[in-house]
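Inspection log for the structure reproduced underneath, given as structure tokens.
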Amino acid sequence: MTDAIASRVRLWIDTDVGDDPDDAVALCAAARHPLVDLVGVSTVSGNVDRRADLARALLDELDNRAPVYAGAPPPDALADADALLAIGPLTNVVELIGYLPPRMAIMGGATRAVDHRGERRTIEHNFSCNPVAAATVVRRCHNAVVVPLDVTAKMTLDDQQVAALANAEPALRGALDSWRAHTEFPVCLHDPLAFLVLMGEAPVTVVSRSLEVRGRGTLYVMVDGGERHDVATDVDAPAAIARVLELVEHRG
Ligand SMILES: [Ca+2]
């Protein structure tokens with residue numbers, strides 16, 4: 001496990017909330033975390049206005065008043081943040097290079113092939129949506145911990161855990177029910193794991209690796225070249241899932 005952050009964190013979240021339900025769970029866990037002040041949320045990918053409406057509605061239900069921006073926020077908006085959780089394609093983040101807070105976690109990439117949603121995947125969704133942005137962020141941002149799909153895919157929930165989440169926070173029911181109505185795939189807590197890693201609370205193994213993103217968003221671990229980043233390589237998934245549930249249930 002990485003060292004926990006002992007002091008309060010002023011957190012910004014950049015999210016593609018509205019597809020997988022895990023963005024909503026990450027927002028909820030962050031809003032409920034006793035050491036987090038959520039200073040802002042921005043939405044990315046496709047219909048950012050619809051995503052912003054969803055984020056606002058969720059935060060309202062959680063009684064959280066953080067401002068929500070549709071699309072890239074003005075750089076000044078991030079001036080007070082000391083950490084960024086990037087849980088969507090990196091389209092906004094690349095625009096904010098030069099204004100980013102000192103600490104960030106990125107859910108994205110795959111450092112090895114992974115079986116996920118019925119397919120063998122070597123490229124992860126966030127990086128493949130905007131591979132140029134992913135390549136630029138990995139090349140130029142040296143303060144990011146990368147939490148790749150081959151680790152987050154272990155955060156798959158069983159039906160009992162999904163029911164526990166929905167019972168813990170009714171505001172999540174819409175996102176969870178919609179996912180289960182429209183897909184055969186299980187709920188997987190990719191983005192909440194990136195949040196726990198950012199907070200130094202996840203039971204993960206983190207190593208320093210040289211990384212580079214090429215082509216359609218393939219993340220390479222380099223022997224020569226690339227840029228050094230902290231990368232999550234394994235997780236005690238049951239413990240991490242329990243921690244997310246604890247936060248959503250408001251047990252601190
Ligand atoms: Ca996401």
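Order of listing sets the numbers, starting from 1, for every ligand and every atom in it.
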Checklist entry - In terms of side-chain geometry, is the basic nitrogen of D177 or R180 positioned less than 4.0 Å from the acidic oxygen of its partner? => result yes

Checklist entry - Is there a donor-acceptor contact under 3.5 Å linking the side chains of R228 and S208? => result yes

Item to check | Any side-chain donor near an acceptor of the partner, T111 and D150, under 3.5 Å | outcome: yes

Next on the checklist: Nearest N/O/S atom of D191 with respect to the Ca ion (ligand 1), by atom name, please.
Outcome noted: OD2

Checklist entry - Between E201 and R243, does a side-chain contact (heavy atoms from CB on, under 4.5 Å) hold up when you go through it step by step? => result CA-CA 9 Å; E201 290 183 3; R243 177 60 180 146; 3.0 Å; yes

Checklist entry - If the Ca ion (ligand 1) is the vertex, what is the angle to OD2 of D23 and O of I87, rounded to 10 degrees? => result 80°

Item to check | Atom name, D16 (N, O or S, nearest to the Ca ion (ligand 1)) | outcome: OD1

